[in-house]
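Have a look at the structure below before the remarks.
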Amino acid sequence: MYFVPCFPLSAGRAEGARRHRSQRNDPHGFRHEDVSALEREDERERITRTIEILTEMAGRRPTGWFSLPRQGDPFAGGTISPNTMDLLLDAGYAYMGNGLADDIPHYWVTDFASRRALLTLPYYYHFDDQFFLMFPRKGTGLEHPDALSRNWKAEFDAQYRRGRHFHMTLHPRHIGWCNRLQLLDEFLSYLRGFPGLWNPTGEECARYWLATYPASTNLRLEPSIWRDYPGSLS
């Protein structure tokens, strides 16, 4: 499953349509951009345009949305705005793909009174290759494939023992070097030794969770202990 910014796709529609109709694609923002300061209608327009482009290119409507994750973001969903989740619900999205508030799928509540909520799949920086493989090995000392491999294995082992959710995030431009693909191959070979694994797409995972743990019967809301303070983003 691929998560793609939509603006670059629109520049080469004919070639993009041929390639992307053969795979499952969901948007990684309109331009892989920071939307935290956008006006509500501007952000709504970008979400709508993203749906139009991906539907045309891939031949199917996207069901999930992925934001731009950066360490230090003010929300537990990457660089989103206070309006993003509501706008995704308005646009008919089934899930948000990178929530940092839990390590299993969970509901992001946008309105406490009406129980309006969007299913959110877990994500964390520790299992994302870009934070370990982004820079060249020589001259910087910033490439740490061994640490990434340890993170994947330790998290998978812990989640497997509990029968829970494990995720990893890969970027072709980072993991795609031959020596790094060997790292990925070794980890995937390790996973094959565990019975009962299910490797769904984001959409399949979201559909399962929505059917098995619907918000109508599994969302338990309690008054928040949070209190606003000057400068708060809540």
Above 12 or not: heavy atoms from other molecules or residues under 6.0 Å from OH of Y160? yes
CD1 of I53 to OG1 of T48, rounded to nearest 0.5 Å, is 11.0 Å
At their closest point, which heavy atom of P105 faces which heavy atom of P122, and how far apart are they? N-CD, 3.7 Å
Same cluster or not: L38 versus Y93, using hydrophobic residues (I, L, V, M, F, W, Y) connected whenever any side-chain heavy atoms lie under 4.5 Å apart? no
Spacing of L121 atom CG and H167 atom NE2 [to the nearest 0.5 Å]: 10.0 Å
Pairwise distance CZ(R61) to CD(E52) - rounded to 0.5 angstrom: 10.0 Å
To the nearest 0.5 Å, tell me how far L148 CG sits from F127 CZ. 9.5 Å
Would you say the side chain of V109 lies within less than 4.5 Å of the side chain of R115, judging by non-hydrogen atoms? no
Would you check if W108 and L119 make a side-chain contact, meaning some heavy-atom pair closer than 4.5 Å? no
Exercise: identify the closest heavy-atom pair between T55 and P62: OG1-CD, 3.6 Å
Starting from the C-alpha separation in whole Å, work towards a yes-or-no answer on side chain to side chain contact (heavy atoms under 4.5 Å, CB included) for L184 and M168. CA-CA 11 Å; L184 177 61; M168 56 197 294; 3.7 Å; yes
If only atom types and distance count, is the side chain of T84 paired as donor or acceptor with the main-chain N or O of S81 below 3.5 Å? yes
Could you verify whether a donor N or O on one side chain and an acceptor N or O on the other, from Y190 and D157, lie under 3.5 Å apart? yes
Closest non-hydrogen atom pair between H171 and D128, with its separation: CE1-OD1, 3.1 Å
Could you label the plane-to-plane angle of the F166 and F187 rings as parallel, tilted or perpendicular, counting under 30° as parallel and over 60° as perpendicular? tilted
Indicate yes or no: does R180 engage D129 in a salt bridge with an N to O separation below 4.0 Å. no
Can you see which heavy atom on R162 is nearest to which on A158, and at what distance? NH1-O, 2.7 Å
Between S114 and D111, do the side chains contain an N or O donor and an N or O acceptor separated by less than 3.5 Å? yes
Are the side chains of M85 and M96 in contact, using a 4.5 Å heavy-atom criterion? yes
Are V35 and W65 co-members of a hydrophobic cluster defined by side-chain heavy atoms under 4.5 Å apart? no
May I ask you to say whether D90 pairs ionically with R116, meaning some side-chain N is under 4.0 Å from a carboxylate O? yes
Separation between NZ of K153 and CD of E186, rounded to the nearest 0.5 Å: 12.5 Å
Would you call Y124 and D103 a side-chain contact if the rule is heavy atoms closer than 4.5 Å? no
State, to 0.1 Å, how close S36 and P82 come at their nearest heavy-atom pair, and which atoms those are. O-CD, 4.3 Å
Kindly give the heavy-atom pair with the smallest separation between L100 and Y123, and that separation in Å. CG-O, 3.6 Å
One thing to verify: whether R40 and E43 come together as a salt bridge, which I'm taking to mean a side-chain N less than 4.0 angstrom from a carboxylate O. no
Taking the side chain as C-beta and beyond, is there a heavy-atom pair between Y95 and F66 under 4.5 Å? yes
Would you check if the distance from the ring center of F156 to the ring center of F194 is below 6.0 Å? yes
Flag side-chain contact, heavy atom, 4.5 Å: L89 against T110: yes
Report the C-alpha separation of L88 and D86 in whole Å, then their side-chain angles, then the decisive distance to 0.1 Å, and conclude whether the side chain to side chain contact (heavy atoms under 4.5 Å, CB included) test is met. CA-CA 5 Å; L88 293 176; D86 254 334; over 6 Å; no
So does R207 pair up with E204, basic N to acidic O under 4.0 Å? no
Is a side-chain donor or acceptor of T120 paired with a backbone partner of L118 at a separation under 3.5 angstrom? yes
CA sep, side-chain torsions, deciding dist, call: R150, D146, salt bridge (Lys or Arg N to Asp or Glu O under 4.0 Å): CA-CA 6 Å; R150 287 196 301 271; D146 294 339; 5.3 Å; no
Close side-chain approach of L183 to D185, heavy-atom, < 4.5 Å: no
Gap between atom CD of Q130 and atom OH of Y125 - 0.5 Å precision: 10.0 Å
Please check: side-chain N/O of S149 versus main-chain N/O of P145, any donor-acceptor pairing under 3.5 Å? no
Students should find that the hydrophobic cluster of W177, defined by side-chain heavy atoms under 4.5 Å apart, otherwise consists of none
